[in-house]
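Inspection log for the structure reproduced underneath, given as structure tokens.
Reminder, nothing fancy here: chain letters follow the sequence lines and each chain counts from 1.
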Protein chains: 2
Amino acid sequence: MRELFQPSSEQFNLSTILGALGDPIRLRMVKFLAENGENNCSSFDIDLQKSALSHHFKVLRESGLINVRIEGKQRFLSIRTVELESRFPGLLDAIIKNI
Amino acid sequence: MRELFQPSSEQFNLSTILGALGDPIRLRMVKFLAENGENNCSSFDIDLQKSALSHHFKVLRESGLINVRIEGKQRFLSIRTVELESRFPGLLDAIIKNI
DNA sequence: TTAATAGTTCAATAATTATTAAACTATTTT
DNA sequence: AAAATAGTTTAATAATTATTGAACTATTAA
């Protein structure tokens with residue numbers, strides 16, 4: 001499987017990040033990760049095909065919002081809390097508190 | 001001219017608001033209003049036709065981000081700071097500080 | 001009262017994004 | 001080694017959003 005691109009925090013772009021969250025499904029995904037911490041892709045209770053879920057994970061990942069850790073045949077997703085906080089102080093907190 | 005719809009703060013929706021800001025042009029518009037306060041539509045230095053600008057103003061307005069005050073033949077736009085703060089505490093500040 | 005100004009709206013098209021279904025990759029289990 | 005699992009990728013289509021240009025509305029100025 002190919003490398004999964006993840007931007008460095010200097011590459012983060014605010015409107016890209018807001019755009020990624022400007023979708024109810026992706027906002028739900030982030031809310032779930034904020035509440036439950038790192039989880040694999042199958043843990044999300046969202047009624048979409050796996051390829052559509054994968055698409056949304058990709059948008060979140062490429063925006064810089066989530067990290068993907070590969071372990072065996074699973075991918076564990078988590079919010080890039082530290083990098084987001086250092087690049088956009090206070091932003092993620094303000095969003096998560098208001099989801 | 002028809003009524004310009006503006007949602008009440010109870011009607012605000014987080015992903016709609018984030019989606020409205022998830023566009024570089026609209027983020028620029030909000031940044032301009034944040035820095036310069038209320039301004040009319042022609043004050044924005046953005047290279048788009050007036051109908052396209054009007055479209056972006058509409059997205060911002062319908063999301064609840066901006067207020068439109070009609071005065072003569074001009075429309076004065078401003079950020080709905082108070083209502084946004086009461087509905088999503090800390091959110092707008094965190095975004096504006098990071099634009 | 002005609003023309004100019006400041007926008008909005010509409011219809012058509014272009015561009016982007018989302019969804020599906022099938023094929024694919026890598027890993028683990030049997 | 002074969003089959004199952006956990007996803008990703010690709011190609012096609014559907015749906016949404018953006019842009020243009022022209023027509024429109026309301027107000028003000030000549």
To the nearest angstrom, the CD-C1' distance between B:Q49 and C:dT13 comes to 13 Å
Do NZ/NE/NH1/NH2 and the carboxylate oxygens of A:E35 and A:K31 come within less than 4.0 Å? yes
Please state how far atom CZ in B:F57 lies from atom P in C:dT9, giving the value in whole angstrom units. 13 Å
A:S51 side-chain proximity, nearest of D:dA22, C:dT19, C:dA22: C:dA22
Toward the 5' end of DNA chain C, which comes first, B:F76 or A:K50, by nearest nucleotide? B:F76
Are any non-hydrogen side-chain atoms of B:L21 and B:R26 less than 4.5 angstrom apart? no
Hey, is the side chain of B:H56 poking within less than 4.0 Å of OP1 or OP2 on D:dT19, counting only N and O atoms? yes
Given DNA chain D, 5'-ward residue of the pair A:K58 and A:Q74, judged by closest heavy atom: A:Q74
Using whole Å, what does the distance between atom P of nucleotide D:dT16 and atom NE2 of A:H55 come to? 14 Å
Rounded to the Å, how far apart are B:R69 CZ and C:dT8 P? 14 Å
Counting heavy atoms from C-beta on, name the nucleotide in D:dA18, C:dA18, D:dT20 closest to the side chain of A:D23. C:dA18
Out of curiosity, does A:F32 fall in the hydrophobic cluster containing A:V68 (side-chain heavy atoms, cut-off under 4.5 Å, transitive links)? yes
Nucleotide D:dT8, atom C1' - distance to CG of A:N40 in whole Å: 15 Å
Are B:F76 and B:I79 connected in the hydrophobic side-chain network, where two residues link if heavy atoms are under 4.5 Å apart? no
Nearest-nucleotide pick for B:K73, side chain only, options being D:dA6, C:dA6, C:dT8: C:dA6
Go through C:dT20, C:dT28, C:dT8 for me and flag the one nearest to the A:L48 side chain. C:dT20
Between CE of B:M29 and C1' of D:dA18 the distance, given in whole Å, is 12 Å
Evaluate the side chain to side chain contact (heavy atoms under 4.5 Å, CB included) criterion for residues A:I66 and A:L33: first the C-alpha distance (whole Å), next the side-chain angles of each, then the deciding distance (0.1 Å), finally the verdict. CA-CA 9 Å; A:I66 66 171; A:L33 292 175; 3.8 Å; yes
To the nearest angstrom, how far is B:E62 atom CD from D:dA18 atom C1'? 15 Å
Which nucleotide, D:dT8, D:dA22, C:dA21, lies nearest any side-chain atom of A:L4? D:dT8
Nearest whole angstrom, please: distance from the P of D:dA18 to the CG of B:L53. 13 Å
Between B:R26 and D:dA18, does any side-chain N or O lie under 4.0 Å from OP1 or OP2? yes
